[in-house]
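Read through the structure below, which is laid out as structure tokens, and then see the notes.
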Amino acid sequence: MSSPAKTAGNQPHYPVSEIPRQLDDDDMAFIAEYTKRGQVDALREHVLRVWQRVKLELWVYKCIQQFLFLIPKISRHPFYPKVLAAHQESKGQHMLHLDVGACLGQDTRRLITDGWGQHQLVALDLVADYWEMGKVLFLDEDRMRVPLIVGSLTDEGFVSADNCYLRNSAMGNLIGAADFLWAAAVLHILSKADCDKFVTSACLLLKPGGTFYGWTVGNREAGDWHTTPDGKAKRYLHSAESLHVLFMQLGFSKATVEYTYVHTYPDVAMVTPDDSKERIMEHLCFSATK
């Protein structure tokens, strides 16, 4: 999920190298496919120029520092084939897919290249800066029409049956309207309380039978982690077990949570009296159906 643009005293959350890493053909594959630009070397220079702008103007998360925004994660999710199959089987009936924490919009554009219409998509993020920069990055300022709604699913007033700001969007009332809601790399930047609010709001936006899917950094043992971006609380890392319990407690009828990548190293960030304790980090891949 994106964070506010930089201001005086609001420094990048991660130290950013002045020298970017080399971008290989795998890095460039999707943007070359989407833009239909055959001159990959020129496109690579364009990517680096935009990255420099992001680095100077916006809050730089580690995923932006490492150019992970070039490779859509949505198409690598095990639930994604079901998303494409449901869209194909809908035979023209209206479907709605939400991309929450859309950032530069790579996952939204993956959906477009895979057949979803722009009128079937809505992006949500905390600020518009990254979404607008994504139009520069993907060279589609003249044709990107997917609406962006600015707000947070952790704000209880943002998704409310009585006071729903989403009703002011071009899509109308989104509560209970979404077939799918995607959120990648969002839950692990939230406190435990905000994670609960986010999951509750996600469930509220889905229609019965709709699915919330995505991935998050987790921990073998659930617990607090680094400070949240606003510095007001501790981020909370769920375990596969605790995240599954959370889904079932907050309105979902079934859920699957699996780890896809594990990294073990000495725990210097978890809140623990034992500084020598090893922290076992997991990338949790999840899907939860309302």
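Just so it is clear, the model here is predicted, and its values are computed rather than measured.
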With heavy-atom distances below 4.5 Å as the criterion, would you say the side chains of Glu282 and Glu258 are in contact? no
Just to verify, what does Asp41 make a side-chain hydrogen bond (donor to acceptor under 3.5 Å, both in side chains) with, not counting sequence neighbours? Arg44
Across all chains, not counting sequence neighbours, the salt bridge (charged side-chain N to carboxylate O under 4.0 Å, His left out) partners of Arg53 are Glu57
Residues in side-chain contact (heavy atoms from CB on, under 4.5 Å) with Leu48, at least two apart? Pro20, Leu23, Glu45, Phe67
Is the NZ or CZ atom of Arg220 both under 6.0 Å from the centre of the six-membered ring of Tyr259 and within 45° of that ring's axis? yes
With sequence neighbours left out, write down each residue that passes side-chain hydrogen bond (donor to acceptor under 3.5 Å, both in side chains) with Lys135, or none if nothing qualifies. Glu132
Any ion pair linking Asp179 and Lys207 (charged N to carboxylate O, less than 4.0 Å)? yes
Could you pull out the closest heavy-atom pair between Leu104 and Arg109, with the gap in Å? O-NH1, 2.9 Å
Between SG on residue Cys203 and CZ on residue Phe212, distance to nearest 0.5 Å: 10.0 Å
Enter the distance from Ile175:CD1 to Leu204:CG here, rounded to the nearest 0.5 Å. 4.5 Å
Would you tell me whether Ser253 and Thr289 have side-chain atoms, one donor and one acceptor, within less than 3.5 Å of each other? no
Could you list all the side-chain hydrogen bond (donor to acceptor under 3.5 Å, both in side chains) pairs where at least one residue sits in residues 96-108, not counting sequence neighbours? His97-Tyr213, Asp99-Thr108, Asp107-Trp182
Using side-chain contact (heavy atoms from CB on, under 4.5 Å) as the criterion, list what pairs up with Gln249, not counting sequence neighbours. Val245
Identify every side-chain donor-acceptor pair in residues 72-79 under 3.5 Å, counting partners at least two apart or on other chains, and give the distances.
unit_1, atom_1, unit_2, atom_2, d
Lys73, NZ, Leu68, O, 3.3
Lys73, NZ, Ile71, O, 3.4
His77, ND1, Phe79, N, 3.0
His77, NE2, Gly214, O, 3.0
His77, NE2, Phe286, O, 3.0

Just to verify, what does Ser242 make a side-chain hydrogen bond (donor to acceptor under 3.5 Å, both in side chains) with, not counting sequence neighbours? His238, Ser239
What distance separates His244 NE2 from Glu241 CD, expressed to the nearest 0.5 Å? 10.0 Å
Residues Lys82 and Glu89 bridged, charged N to O under 4.0 Å: no
Anything under 3.5 Å between a donor and an acceptor, one on a side chain of residues 185-195, the other on a protein residue two or more places apart or in another chain? List them.
unit_1, atom_1, unit_2, atom_2, d
His188, ND1, Thr216, OG1, 3.2
His188, ND1, Val217, N, 2.9
Ser191, OG, Asp194, N, 3.2

Please name all residues satisfying side-chain contact (heavy atoms from CB on, under 4.5 Å) with Ala177, sequence neighbours left out, ordered by chain then number. Leu96
Once side-chain contact (heavy atoms from CB on, under 4.5 Å) is applied, do any residues pair with Thr35, and if so which ones, sequence neighbours excluded? Ile31, Arg37, Leu43, Leu139
Sequence-distant partners of Lys254, side-chain hydrogen bond (donor to acceptor under 3.5 Å, both in side chains), two or more places apart: none
